[in-house]
Student: 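This is the structure I want to talk about, given as structure tokens.
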Amino acid sequence: MKEILTMRHIDKNFPGVRALSNVDFTLREGEIHALMGENGAGKSTLIKVLTGVEEFESGDIRVDGIEGPVINRSPEEAQKNGISTVYQEVNLCPNLTVAENLYIGRQPRTAFGTIDWKTINENAKKVLTDLDIDVDVTKNVEDCSVAIQQMIAIARAVDISAKILILDEPTSSLDDNEVEKLFTLMRKLQSKGMGIIFVTHFLEQVYEVCDKITVLRNGELVGEFTVEELPRVQLVAKMMGKDFDDLAEIKSAATETDNSHKEVLISAKQLGSRGAVHPFDVDIYKGDVIGLSGLLGSGRSELARTIYGIQNPDEGELFVKGKKVHIKQPIQAMKLGMGLLPEDRKDEGIIADLSVRENIIIALQAKRGVFRLISRKQQEEFADKYIDILQIKTAHRDTPIKQLSGGNQQKAILGRWLLTDPDFLVLDEPTRGIDVGTKTEIQKLVVKLADEGKTVVFISSEIEEMIRTCRRMIIMRDTYKVGELPEMEISKDNIMKAIAGGAEHE
Amino acid sequence: MNKETSTLKRMVGHQLFMPIISLIIVMLITVVYKSLFGKDGVHLDLTFFQIQITNGHLYGYLIDILNHAGGLVILAIGMTLTVASSAGTDISVGAVSALCAAVCVRVLGRENVVADYSTGVYILAFIAAMLVGALCGVFNGYLVAYLDIQPMVATLILFTAGRGMAQLLVNGYIIYVRKESYKWLGSFFPHIPLPSALIVAMVVAVVMYLVLNKTALGLYIQAVGINKKASHVVGLNSKMIILLTYVFCGWCASINGLIKSSEIASVDANNIGLMMELDAILSVAIGGNSLGGGKFNLFGSIIGAVTIQALSTVLLSMSVESTQVPVFKALLVAAIVVFQSPEIQRWRRNRKARAAAAGKKVA
Ligand SMILES: Nc1ncnc2c1ncn2[C@@H]1O[C@H](COP(=O)(O)OP(=O)(O)OP(=O)(O)O)[C@@H](O)[C@H]1O
Ligand SMILES: [Mg+2]
């Protein structure tokens, strides 16, 4: 097959970090090529170097059809050279409409030279319908869910005719259905001869669509393999540099759950928030691990956010340890021993310009109050502790968090909440963008927290992950709580069935 | 030797490097100018740095600059915090200064020439002025934080209305205060060698430094300025924090108004604090602070304010027309802002990274 992209001996340093050293990468016509590696291995950096977001120190990039070495100075230039990219951090303009975002920088014009809104909106609608994305194109992007935003970014990249398509963790917030749609699209593009670089931490997805795998570790190339010659176990070993069983059982065997003697920690009675989640009843016990399952927009995040006070409830009652409470602000929930790791890391999680240390201690500091500043020494101890426990890869604890790789940012935010030592912790997509090894560690951590008597609410698009950790499942559909599954009944089939329908609204 | 170069590099990279350099350049230009064009022909003229004591007060060129910079320094501190918390500037500070000065003088007396008042009334007048300043801040802050109005637009209201209200209070007259003690704040307190405005500015700066660094407030303001939503999720009351910075900024404006009115022993609602909002914003920018909010450096803004005042004073002393002073200010600002622009910074960073990589390979 014809090589359409070759990158040779690529070096890239950040202050204090050797992000890429002597890395080779080759992409061929009609090939879907997985780029794999742990968090901070250098995947996104390789892509940024290729597409001109970052400059590189040395190396050689060639693109088929272009004479001589190619150095892109900006993503626009890369686009002109036939490379279209969806970056890991979706970068759409939040206050522009969906259609505007799709055509920004390449708006069709009317005969008078003004922007042709009609065509833009019509084209946008067509592009999105082709992808089976159901969204009003005149809506502002900021009003769309993360998944829809990700789909829009993909639609935008795909709509630009290119020879090379790069997808950096495009599936991190998509559910199975949407992933399937994306794969269908990728196969279609592949059959037209497009080369696709695909970054993901979901190993099954690699085996489902990819032909080749290139593995990076610590900024160095481990090797290029065909999918056939590198079965899952070996892939994990190559990525981590050691053998690791990421599918080992992590919780004790399922038992018949008897909740009657358990202490009720949180109890909601017809709690609801208009437009976000319909009134629901729920009892949450001490030491529980509860999964909230449902499609995106089913209200699974909103249910937890209503309890935590980000979403203000407008009806119903909430009891914490038997006492009636009115939570209007997250700080009140935190003082009652709650914590919530939000789904949208960039928008609601990281405080980009602050250091890793400050990002880790900020929630505890807020809980303590403005006058009880945590001493610098103690801040450093806390930061170092979680950098160590969660294996956060950072040049220094005082590095701005925005300079960390996506997965490492996520770990730092998780550390932030663990530091507040909550009795009740909501984890909304905690393993998004996190590599296999750490994912298992986090799942183990959840089970351990529960064993210590803490309560965890776990929300994930990945059903397998919830099956591995949860002791009870709450099923959401169309903003209604439609059912619960006790531990004995938790299985992929049952969950899918419940999500899809069958059970009536309560 | 290697260590020396790296220390040098770190200095050049520091946020305060440019502000300090520009201040030094302004001073050097003055010395050169005075040396070349002085009355006594060409000779080294260092009168700029001379400080003498007369009647127990310090006098001299530098003292003069610092004295006049006092009000601007205080405004710059307030402005730094609104910029940090809300990525927005409070353009009403000049007008609010005038309003507060008018309030002060109205509490002192009803006449157009206030001749006498008791100490109690004097204190009351100050408190009233500060209260009004803080109230203006509450108004601005409420619009920005709770109604989500663009800071520039929100503060435009008092920018326009502030002077009008001041005029109403003084009935359109210039009110004179003929009591010696009224001048103290703008010049010297008896038996104190340093100018009062300088002392007040230093007190405000030190207190704010302590408040921001010994409590978590500094961290909170930065966090809110960088990511309001994330700050809310981790338990910060983002809106209240933004409101507070505007209240503080309004209070700063009232202090500035009192100082400026004391300097001229009168209240001229048309002129007190005129255009000072721009100088305050410039101070923040020259100090190397991003107007996009988030991280800030109080000290940078203070040096920025002194630089701007030094430039104005120096230019006036070179008998540059006061109407032309803004041109030179603009030149200085252009130079500094270009140097700090992301493109130039990126270029410098890349050069540094490449140098580091080359160094590593050699080693
Ligand atoms: N702008 C930056 N400044 C400094 N260091 C950076 C910057 N961007 C990335 N790095 C560092 O480079 C290394 C590689 O990061 P990269 O984002 O390429 O990882 P990744 O393989 O994409 O990881 P993930 O799976 O978490 O997305 C990391 O150690 C990261 O901290
Ligand atoms: Mg990445």
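Just so we're on the same page: letters track the sequence lines, and every chain starts at 1.
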Student: Salt bridge or not for A/Asp353 and B/Lys295, using N-O below 4.0 Å?
Tutor: no
Student: Looking only at heavy atoms, what is the nearest atom pair of B/Thr215 and A/Phe371, with distance?
Tutor: CG2-CD2, 4.1 Å
Student: When you compare the side chain of B/Val234 with that of A/Lys367, does any pair of heavy atoms fall below 4.5 Å?
Tutor: no
Student: Report yes if the side chains of B/Asn237 and A/Ile331 come closer than 4.5 Å at any heavy-atom pair, otherwise no.
Tutor: no
Student: Suppose a student defines contact as a heavy atom less than 4.5 Å from any heavy atom of chain A. Which residues in residues 220-228 of chain B would they list?
Tutor: B/Tyr220, B/Gln222, B/Ala223, B/Ile226, B/Asn227
Student: Is A/Glu381 atom CD crowded by more than 12 heavy atoms from other residues, nucleotides or ligands, each under 6.0 Å away?
Tutor: yes
Student: Test B/Leu219 against every option in A/Ile351, A/Val370, A/Leu354 by the side-chain contact (heavy atoms from CB on, under 4.5 Å) rule and name the one that passes.
Tutor: A/Leu354
Student: Given that the side chain runs from C-beta out, which part of A/Lys346 has a heavy atom under 4.5 Å from chain B: side chain, backbone, both or neither?
Tutor: backbone
Student: Can you tell if the side chain of A/Glu348 reaches within under 4.5 Å of the side chain of B/His232, non-hydrogen atoms only?
Tutor: no
Student: Closest heavy-atom contact between A/Gly349 and B/Ala230?
Tutor: O-CB, 3.5 Å
Student: Is it the side chain or the backbone of A/Arg305 that comes within 4.5 Å of chain B heavy atoms, both, or neither?
Tutor: neither
Student: Quick check: do A/Leu373 and B/Leu217 have side-chain heavy atoms less than 4.5 Å from each other?
Tutor: no
Student: Measure A/Leu341 against the heavy atoms of chain B and call it side chain, backbone, both or neither at under 4.5 Å.
Tutor: neither
Student: Return yes when atom CD1 of B/Ile199 has more than 12 non-hydrogen atoms of other residues, nucleotides or ligands closer than 6.0 Å, and no otherwise.
Tutor: yes
